[in-house]
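Before any comments, here is the structure.
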Amino acid sequence: MISHELRTLLNAILGYCDLLLEEAFGSLSEEQAHSLRRIRSNARTLLELMTAVLDVNRLEAGQPPVALTEVEVSRVLQELQVEAQEAYQRSGLDFRWEVEGKPVPIRTDPEKLKVVLRNLLSNAVKFTPQGSIKVQASPKSGGVEVRVSDTGIGIPPEAVAVIFEPFRQVEHSGMSPSGGTGLGLYIVKQILDLLGGTITVDSEVGRGSTFCVWVPQGKTPRKARPASARGTGRHRQERSARRRPHSQG
Ligand code: ADP
């Protein structure tokens, strides 16, 4: 209830900021508009942070309900594609969506899977000043793998191990702080734990990143697959959603 109240109040603040900025109540000086934009931007960050903290609380407080149902990952991707077209149309990035192999119906929680992929997509957009973002799904090892690749700024090898910890953000040289909460990937990892899935990262500074999510066809939780099974020349880090990452750096 409290979280609902807080969100309602913040949404009202944001709504009034928008109205003022649209000059619905009269024209604004540049100074007034600038101040309002700052209020709006901070209110948005606060809303984002609060939502993330509440999600983490819910996840850490025990097993949140998992609504298992039979889904085609291609359908989940179609829905995300529609959302992304709307949300990121101004990004100037080239989006590609590919589904490979025969469709495999899986038993999972589609809404939670969407939260995972939305987080990865929003990061990909945030950290890709120009270029493309590719989302690929294919059947793999008794489940389905979804890869979200970007041609963005990449992640230094020493940081890959910590980005799944709460409130960890990487300082990217030449880029101003991204805003964000540092909770997105932590939430992703917690959700994948619930779904019995895994996540891996393959990244190179200046060339881009690929986040690779695997979810099982059934609901049985799995342990991490060995990183060596999937190595490439690029830096790769494999994490079981179950394992607590050890701190580095
Ligand atoms: P947030 O995005 O809110 O900062 P996350 O937990 O989602 O928090 O991500 C943690 C950090 O990992 C980010 O701050 C960023 O430094 C790094 N990161 C995540 N995704 C990417 C990506 N696609 N490209 C480059 N860096 C990334």
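Just so you know, ligand 1 is whichever comes first in the structure, and atom 1 is the first atom listed for that ligand. For the single chain, residues carry numbers from 1 onward in sequence order. Just the heavy atoms: all of them, side chains too, but no hydrogens, waters or symmetry mates, feed the values below.
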Review point. Does Phe164 approach ligand 1 within less than 4.0 angstrom via side chain, backbone, both or neither, non-hydrogen atoms only?
Key: neither
Exercise for review: Give a yes or no answer on whether the side chain of Asp193 reaches the backbone of Lys189 with a donor-acceptor pair at less than 3.5 Å.
Suggested key: no
Point to revise | Leu183 neighbourhood, listing ligand 1 atoms whose heavy-atom distance to it stays under 4.0 Å | key: 6 (O), 8 (O)
Practice item. Would you mind telling me which of Val146, Asp150, Ile199 makes a side chain to side chain contact (heavy atoms under 4.5 Å, CB included) with Leu120? Key: Ile199
Review point. Should Gly182 be counted as touching ligand 1, given the test is an N or O pair under 3.5 Å?
Key: yes
Practice item. Would you check the N or O atoms of Ile153, main chain and side chain alike, for any that come under 3.5 Å of an N or O of ligand 1? Key: no
Practice item. Report yes if Gln169 has an N/O atom closer than 3.5 Å to an N/O atom of ligand 1; otherwise report no. Key: yes
Check your understanding: Linking I/L/V/M/F/W/Y whenever their side-chain heavy atoms sit closer than 4.5 Å, directly or via other members, would Leu36 and Leu9 fall into one cluster?
Key -> no
Check your understanding: Do any nitrogen or oxygen atoms of Val170 come within less than 3.5 Å of a nitrogen or oxygen of ligand 1?
Key -> yes
Check your understanding: Side chain or backbone of Lys126 under 4.0 Å from ligand 1, or both, or neither, by non-hydrogen atoms?
Key -> side chain
Review point. In terms of atom number and element, which parts of ligand 1 are under 4.0 angstrom from non-hydrogen atoms of Gly184?
Key: 5 (P), 6 (O), 7 (O), 8 (O)
Review point. Hey, which of Ile191, Leu183, Val188, Val148 is the one that makes side chain to side chain contact (heavy atoms under 4.5 Å, CB included) with Asn119?
Key: Val188
Practice item. Flag yes if Tyr186 and Phe167 sit in one hydrophobic cluster, no otherwise; membership is Ile, Leu, Val, Met, Phe, Trp, Tyr, and two members link when side-chain heavy atoms are under 4.5 Å apart. Key: yes
Practice item. Check Asp150 against ligand 1 and report side chain, backbone, both or neither, counting heavy atoms closer than 4.0 Å. Key: side chain
Review point. Donor-acceptor pair, Gln217 side chain versus Arg107 backbone, under 3.5 Å?
Key: no
Point to revise | Over 12 foreign heavy atoms within 6.0 Å of CD, Glu100 | key: yes
Point to revise | Shortest heavy-atom approach to atom 17 (C) of ligand 1 - which of Asn123, Ile133, Ile163, Thr151 | key: Ile163
Check your understanding: Numbering the atoms of ligand 1 from 1, which are under 4.0 Å from a heavy atom of Arg168?
Key -> 10 (C), 11 (C)
**Study point:** Leu121, Leu185, Val116, Leu117 screened by side chain to side chain contact (heavy atoms under 4.5 Å, CB included) with Phe211, the one that passes
**Key:** Leu185
Review point. Under 4.5 Å between any side-chain heavy atoms of Asp94 and Ile133, yes or no?
Key: no
Review point. Looking at Ser209, which atoms of ligand 1 are within less than 4.0 Å of one of its heavy atoms?
Key: 24 (N)
Study note, to complete from the structure: Counting from 1 in the order shown, the ligand 1 atoms closer than 4.0 Å to a non-hydrogen atom of Phe211 are 20 (N), 23 (N)
Point to revise | Short N or O distance, Ile155 and ligand 1, threshold 3.5 Å exclusive | key: no
Check your understanding: Does ligand 1 have an atom that lies less than 4.0 angstrom from a heavy atom of Gly152?
Key -> no
Check your understanding: Near Gly154, which atoms of ligand 1 are under 4.0 Å from a heavy atom of that residue?
Key -> 25 (C)
Point to revise | Side-chain (Ser203) to main-chain (Ile155) donor-acceptor, under 3.5 angstrom | key: yes
